[in-house]
Amino acid sequence: MVRQPSPLPSVDALLRAPETQVLLIRFGRTAVTAALRDCLSAHRRLLPAAVPAARIIDEAADQLSARFARSQRLVFNMTGTVLHTNLGRALLPPEAAEAAAEAMRNATNLEFDLASGRRGERDDHVAGLLRALTGAEAATVVNNNAAAVMLVLNTLALGKEVPVSRGELIEIGGAFRVPDIMARSGAILREVGTTNRTHARDYAAAIGPATGALMRVHQANFAIVGFTASVPAETLGALAHDAGLPLIEDLGSGSLVDLAQWGLPHERTPRESLTAGVGVVTFSGDKLLGGPQAGLIVGHEEVISSINRNPLKRALRLDKGRLAALEIVLRMYLDPQRLAERLPALRLLTRSEAEVRATAERICPVVAERWPDRAVEVRTCRSQIGSGALPIDMLPSAAVAIGGKSLEELANFLRSLPRPIIGRIAQGRLFLDCRCLEPGDEAAFIAQLR
Ligand SMILES: *Cc1c(COP(=O)(O)O)cnc(C)c1O
């Protein structure tokens, strides 16, 4: 028997080939061998034809580049939504990102009291700042606001009823639905009132021996208008106080400062809630606050203590990187005059229409040059705050609007660039809202299109 010599090179020969050596340095022996084997067997399955080694190595190189390419990449957010949940919400100030990276690369006193040499509490790095900024007696932090709501309910109302207005049984994009989170937390939802009108007497009638807490949920991403009624926090706080029950409020975005001072619509602050008589308030770290993903819980000392004793707290706690970033961001609030300049989320939200328009005017010729057959012009548009904050208030902005046929194809192309550009199709045009394209990013945007 004479075996036909294979028309394909052997893996060993391919590994020894000079072209393979750079791949070995870049990707390592295991991955390169696997990729070469993969490409060889693909050819073997086709025809037993001779294939040059160089071609197989090329194919393996492509496969390796794709496999080692980063999945999470930088994009240009030109959607017009500043706090875009799918694009990572608030951008951190560089100081905060650096503090996070440094903490992650090094040992820190995360849970270590340097004065006594004993064990410390990780939340202590931010609890004092949160107390100062909200006026709360105590504060604690977890993975995100969904975790905060879940933990508060599980701590205060496990197996007990929690009356919530039917007008506040909200969904915040897909997975966060108030009734579902409540069920998973072990609390029993007791719906009160109607979609458009809920009165104090509705809550009063629902309170009984089975009640564990009262809860308000900020109507974050929608507005009910017309024949409406809801119960102010003050009234609900008094009702809860008289019944000896805690009042919980999920604020969602919850800004730490009054945004009206920058001409933005007012968003309820945790301090206002606490002053009104709410016992425990939860809000997000990466929405209007402008920090890392986190869930912040502020309120009465005894409530926060019992939350901290809940075994679930451990499962939901923050890591040292995000704690480091959060600490830096919270400290920026101690200097509110410079906040709009230093905190990217606020800086983007407060960019004037004229400034955004100037950016649009600068990049418009580059876009027009790239697509000479399309109508390209600067257009007035409206940006959104996003993340469910202040849903009906839109910020005057400017975009480069691209017209013409097959806008979906154009959008696909923009998303396929090394740094994908994410726009928005509306009114038969592809809008590239320039609010989030700061002068520092303009050069990169232009270079990529050229
Ligand atoms: C955004 C939001 C949540 C969820 O917060 P995450 O930080 O995304 O977990 C919960 N409740 C309200 C009212 C919200 O707006």
Side-chain angles (χ1 to χ4, degrees), residues 69-101 262 264 286-293 325 328-329 332 338-371 376-387 394-402 410-425 429-450:
R70 276 208 208 170
S71 169
Q72 191 178 164
R73 287 147 65 196
L74 307 190
V75 304
F76 287 106
N77 174 10
M78 305 194 75
T79 59
T81 301
V82 177
L83 301 170
H84 198 300
T85 295
N86 305 135
L87 302 181
R89 289 196 187 156
L91 311 182
L92 282 184
E95 301 92 313
E98 277 150 27
W262 293 286
L264 291 167
D286 57 349
K287 292 186 180 171
L288 284 172
L289 194 136
Q293 182 190 301
I328 300 279
V329 169
M332 285 185 180
R338 284 194 291 166
L339 205 53
E341 177 192 321
R342 296 169 77 195
L343 201 59
L346 198 54
R347 191 170 65 228
L348 294 173
L349 289 171
T350 55
R351 266 186 105 191
S352 70
E353 184 184 356
E355 236 181 288
V356 181
R357 177 169 284 275
T359 299
E361 302 280 4
R362 283 193 295 269
I363 67 165
C364 188
V366 184
V367 178
E369 198 182 315
R370 187 72 174 68
W371 286 281
V376 178
E377 61 184 345
V378 174
R379 282 213 164 199
T380 301
C381 65
R382 296 209 159 234
S383 314
Q384 259 180 315
I385 293 171
S387 276
M394 311 268 274
L395 315 166
S397 188
V400 172
I402 313 175
L410 178 63
N412 290 347
F413 171 77
L414 291 173
R415 288 200 313 276
S416 75
L417 291 168
R419 183 166 174 183
I421 297 169
I422 320 290
R424 151 173 62 91
I425 295 176
R429 284 183 173 73
L430 179 65
F431 280 81
L432 302 178
D433 187 317
C434 294
R435 174 167 297 278
C436 297
L437 189 70
E438 290 200 279
D441 284 333
E442 260 177 53
F445 180 90
I446 289 170
Q448 172 167 264
L449 279 194
R450 283 199 172 131

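Fair warning: this is a prediction, and the values are worked out from it, not measured in the lab.
Residues satisfying the side chain to side chain contact (heavy atoms under 4.5 Å, CB included) test with R73, not counting sequence neighbours, are R70, P420. Evaluation of the side chain to side chain donor-acceptor pair (under 3.5 Å) rule for T380 yields R357 as partners, not counting sequence neighbours. For the side chain to side chain contact (heavy atoms under 4.5 Å, CB included) test, residues two or more places apart in sequence or in another chain that qualify with A325 are L92, A96, A100, P292. Q448 is linked by a side chain to side chain donor-acceptor pair (under 3.5 Å) to nothing, counting only residues two or more places apart in sequence or in another chain. T350 is linked by a side chain to side chain donor-acceptor pair (under 3.5 Å) to nothing, counting only residues two or more places apart in sequence or in another chain. Partners of R342 under the salt bridge (Lys or Arg N to Asp or Glu O under 4.0 Å) rule, at least two apart in sequence or in another chain, are D335. Residues passing the ring-ring contact (aromatic ring centres under 6.0 Å, His included) test with F431, sequence neighbours excluded: none. Annotation: salt bridge (Lys or Arg N to Asp or Glu O under 4.0 Å) contacts of E355 (sequence neighbours excluded): R351. For V367, the side chain to side chain contact (heavy atoms under 4.5 Å, CB included) partners two or more places apart in sequence, or in a different chain, are W371, V376, V400, I402, F445, L449.
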(message) Show, in sequence, the C-alpha distance, side-chain angles and deciding distance for W262 and L349, and conclude whether the side-chain contact (heavy atoms from CB on, under 4.5 Å) test is met.
(response) CA-CA 9 Å; W262 293 286; L349 289 171; over 6 Å; no

(request) Test N86 against T79 for side-chain contact (heavy atoms from CB on, under 4.5 Å), laying out the working first. (result) CA-CA 11 Å; N86 305 135; T79 59; over 6 Å; no

(request) Assess whether side-chain contact (heavy atoms from CB on, under 4.5 Å) is satisfied between V75 and H84, documenting all intermediate values. (result) CA-CA 12 Å; V75 304; H84 198 300; over 6 Å; no

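One finds the CD1 atom of I421 at 9.5 Å from the OG atom of S416 (value rounded to the nearest 0.5 Å). Atom CG of residue L343 and atom CD1 of residue I328 lie 12.0 Å apart, to the nearest 0.5 angstrom. The SG atom of C436 sits 7.0 Å away from the CG atom of L91 when rounded to the nearest 0.5 Å.
Applying the salt bridge (charged side-chain N to carboxylate O under 4.0 Å, His left out) test to pairs two or more places apart or on separate chains, those with a residue in residues 85-96 are R89-D286. Residue pairs meeting the salt bridge (charged side-chain N to carboxylate O under 4.0 Å, His left out) criterion with at least one member in residues 431-446, sequence neighbours excluded, are R347-E438, R362-E442, R424-D433. The salt bridge (charged side-chain N to carboxylate O under 4.0 Å, His left out) analysis of residues 377-387, with sequence neighbours excluded, yields the pairs E377-R379, E377-R429.
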